[in-house]
Amino acid sequence: MRGSLCAAVTELNLPLTLASGQAFRWRKRAHADVWFGVIGKLVFNLEQCVDKQTIEWTVLNHVSRDGNKCKKLDSTNINELLTDYFNLNYSLSDLYEHWSRCDENFAAIAPKFTGVRVLRQQPEENLFSFICSSNNNIQRISKMIESLCQNYGEFLLTDDEFGDIHAFPDIKSLCNENLEQELRKLGFGYRSKYIANCAKMIASKSEQWLQELRHKCYEDARNELIALPGIGPKVADCICLMSLDKSEAIPVDTHIWQIATKIYLPHLKRNKSLTDKAYKEIGDFFRSRFGTNAGWAHNVLFCSDLRQFKNS
DNA sequence: TACGTACCTAAACG
DNA sequence: ACGTTTAGGTACG
């Protein structure tokens, strides 16, 4: 099934948005500007058509009508799904203008990094992905997530270029007793225990627990996430921002720490490490400077600081 | 409360 | 070369 979605490059820059380490399963095809990835149980090719101001999409797997409890899938549904996933119901260029007026550093960076959008991901995939992200790099995180899918997720299809593709595993599939040891063997390191214990704890809660955090306030959602093993302040903020609709969440990682001490809050250079207090100070600064959607502005600055996008 | 340190791994670094 | 550092941190003392 094919279709097209209206989105100018200034509203959605596919490579910057998909490869900036928000989500870890999108890959560019070798011989075309086509992005390959999975959303739920659907496998996609996405291509940005600059002239036509659209994203051309293809769903690569056949979708059984009874398989998912969801409605029959037609191209309208897919457009809705992509609009939701890419958070397309707000105008990014308007926000860029606003943020550029708020902050001259943003104004200087923005022209080179237009169309960097925060995705609205599926909470479970987002949560386990960012447990893997601690003290790690994007390349290795991507390998780990792919390995998690290959070993515990439902088979979807075989792709000519990327081979067997699996969905992200559901919680039940991550609840087997040997999971920690298995993940150790697969190279997850100390995150193996976090993932195994997290799966068990989430499984013991109500089935809708994670989804319902979307309807709670930022502080409550964040506190509930931090109670899980392997989730600290930074990872909790990633999950809040990227899948729980908390656009005011500011994940402070090494990049944002660098940017903050270099440009905005130089007095923090005296700190030996990122304390809870400094963490909050940086988040509060971004929120006061950029407003309620500070997390989306932060994402643009983060992206501009990634090594892979330097000099671009 | 505020640091220091251990924790897995692999590629980049000097 | 080859040991050290770094890469989107967290838990524990």
Side-chain angles (χ1 to χ4, degrees), chain A residues 16-26 113 116-119 121 125-148 151 179-202 222-244 246 249-262 267-283 286 294-311:
Chain A
L16 284 179
T17 299
L18 294 180
S20 62
Q22 305 181 54
F24 300 96
R25 297 199 70 192
W26 291 97
F113 292 89
V116 180
R117 209 164 251 282
V118 175
L119 301 171
Q121 299 186 57
E125 175 170 345
N126 191 218
L127 185 151
F128 286 104
S129 297
F130 277 85
I131 287 176
C132 295
S133 77
S134 77
N135 212 349
N136 206 347
N137 57 71
I138 292 177
Q139 203 180 340
R140 183 172 164 223
I141 299 165
S142 302
K143 278 185 192 162
M144 286 162 62
I145 302 306
E146 212 48 44
S147 171
L148 201 61
N151 285 282
L179 187 72
E180 182 183 343
Q181 296 170 36
E182 291 174 15
L183 292 180
R184 285 263 171 192
K185 281 185 194 156
L186 290 170
F188 282 67
Y190 60 81
R191 303 162 195 85
S192 307
K193 182 182 282 191
Y194 298 155
I195 293 170
N197 289 342
C198 233
K200 282 183 200 163
M201 286 181 68
I202 293 173
R222 188 176 192 271
N223 286 336
E224 292 203 35
L225 290 172
I226 287 179
L228 296 174
I231 301 184
K234 189 270 177 180
V235 169
D237 277 331
C238 285
I239 301 164
C240 280
L241 176 65
M242 299 171 187
S243 65
L244 298 180
K246 313 300 181 236
I250 308 290
V252 181
D253 53 35
T254 56
H255 294 281
I256 296 303
W257 169 254
Q258 295 298 323
I259 292 172
T261 55
K262 190 165 68 181
H267 66 277
L268 289 179
K269 278 181 190 162
R270 294 190 287 112
N271 282 40
K272 311 227 170 181
S273 61
L274 181 57
T275 61
D276 286 351
K277 195 179 159 195
Y279 189 103
K280 186 170 189 314
E281 186 177 343
I282 294 171
F286 273 84
W296 294 341
H298 137 283
N299 191 238
V300 179
L301 298 178
F302 169 78
C303 194
S304 74
D305 199 61
L306 278 181
R307 186 172 54 200
Q308 63 190 126
F309 296 130
K310 291 269 172 111
N311 313 318

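Chain identifiers are assigned alphabetically (A, B, ...) following the order of the sequence lines, protein sequences preceding nucleic acid strands; residue numbering begins at 1 within each chain. Predicted, not measured: the structure shown is a model, and the values here were computed from it.
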Sequence neighbours excluded, which residues qualify as ring pair (Phe, Tyr, Trp, His ring centres under 6.0 Å) partners of [X]?
{"X": "A:Phe24", "result": "A:Phe130"}
{"X": "A:Trp257", "result": "none"}
{"X": "A:Phe188", "result": "none"}
{"X": "A:Phe128", "result": "none"}

Got a donor-acceptor contact below 3.5 angstrom from the A:Asn271 side chain to the A:Leu274 backbone? no
Extract the stems that DNA chain B is part of, considering only consecutive pairing runs of at least three Watson-Crick or G-U wobble pairs, both distances under 3.5 Å.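 Counting only runs of 3 or more consecutive pairs, the stems involving DNA chain B are B:3-7 with C:9-13, B:9-14 with C:2-7.
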Less than 4.5 Å apart, side chain to side chain, heavy atoms only: is that true for A:Val116 and A:Trp296? no
In chain order, what residues pass the salt bridge (charged side-chain N to carboxylate O under 4.0 Å, His left out) check against [X], with sequence neighbours excluded?
{"X": "A:Lys280", "answer": "A:Asp284"}
{"X": "A:Lys143", "answer": "none"}
{"X": "A:Glu224", "answer": "A:Lys216"}
{"X": "A:Arg25", "answer": "A:Glu146"}

Give me, pair by pair, the N or O atoms of the protein and of nucleotides 4-8 of chain B that are less than 3.5 Å apart, along with how far apart they are.
{"unit_1": "B:dC8", "atom_1": "OP1", "unit_2": "A:Arg184", "atom_2": "NH1", "d": "2.9"}
{"unit_1": "B:dC8", "atom_1": "OP1", "unit_2": "A:Arg184", "atom_2": "NH2", "d": "2.4"}
{"unit_1": "B:dC8", "atom_1": "O5'", "unit_2": "A:Arg184", "atom_2": "NH1", "d": "3.2"}
{"unit_1": "B:dC8", "atom_1": "O4'", "unit_2": "A:Tyr190", "atom_2": "N", "d": "3.2"}
{"unit_1": "B:dC8", "atom_1": "O2", "unit_2": "A:Arg140", "atom_2": "NH1", "d": "3.1"}
{"unit_1": "B:dC8", "atom_1": "O2", "unit_2": "A:Arg140", "atom_2": "NH2", "d": "2.8"}
{"unit_1": "B:dC8", "atom_1": "O2", "unit_2": "A:Arg191", "atom_2": "NH1", "d": "2.8"}
{"unit_1": "B:dC8", "atom_1": "N3", "unit_2": "A:Arg191", "atom_2": "NH2", "d": "3.2"}
{"unit_1": "B:dC8", "atom_1": "N4", "unit_2": "A:Asn135", "atom_2": "ND2", "d": "3.4"}

How many whole angstroms separate atom [atom1] of [X] from atom [atom2] of [N]?
{"X": "A:Asp253", "N": "C:dA7", "atom1": "CG", "atom2": "C1'", "value": "11 Å"}
{"X": "A:Ile141", "N": "C:dG9", "atom1": "CD1", "atom2": "C1'", "value": "11 Å"}
{"X": "A:Phe130", "N": "C:dT10", "atom1": "CZ", "atom2": "P", "value": "11 Å"}
{"X": "A:Ile131", "N": "C:dA7", "atom1": "CD1", "atom2": "C1'", "value": "18 Å"}
{"X": "A:Leu225", "N": "C:dT10", "atom1": "CG", "atom2": "C1'", "value": "14 Å"}
{"X": "A:Asp305", "N": "C:dT6", "atom1": "CG", "atom2": "C1'", "value": "14 Å"}
{"X": "A:Lys193", "N": "B:dT9", "atom1": "NZ", "atom2": "P", "value": "14 Å"}
{"X": "A:Leu274", "N": "C:dA11", "atom1": "CG", "atom2": "C1'", "value": "15 Å"}

Please report the distance separating the [atom1] of [N] from the corresponding atom of [M], rounded so that it comes out in whole Å.
{"N": "B:dC13", "M": "C:dG8", "atom1": "P", "value": "12 Å"}
{"N": "C:dT6", "M": "B:dT5", "atom1": "P", "value": "16 Å"}
{"N": "B:dA11", "M": "C:dT10", "atom1": "P", "value": "24 Å"}

Pick base, sugar-phosphate or nothing for A:Gln258, based on heavy-atom distances below 4.0 Å to the nucleic acid. nothing
Contact class for A:Met144 vs. all strands (heavy atom < 4.0 Å): base, sugar-phosphate, or nothing? nothing
Side chain to side chain donor-acceptor pair (under 3.5 Å) contacts in which one or both residues fall within residues 179-191 of chain A, not counting sequence neighbours: A:Ser134-A:Tyr190, A:Tyr152-A:Glu182
Gap separating the CG atom of A:Leu183 from the CG atom of A:Leu148, nearest 0.5 angstrom: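 Here the rounded value is 6.5 Å.
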DNA chain C contacts among residues 227-237 of chain A, heavy-atom distance under 4.0 Å: A:Leu228, A:Pro229, A:Gly230, A:Ile231, A:Gly232, A:Pro233, A:Lys234, A:Val235
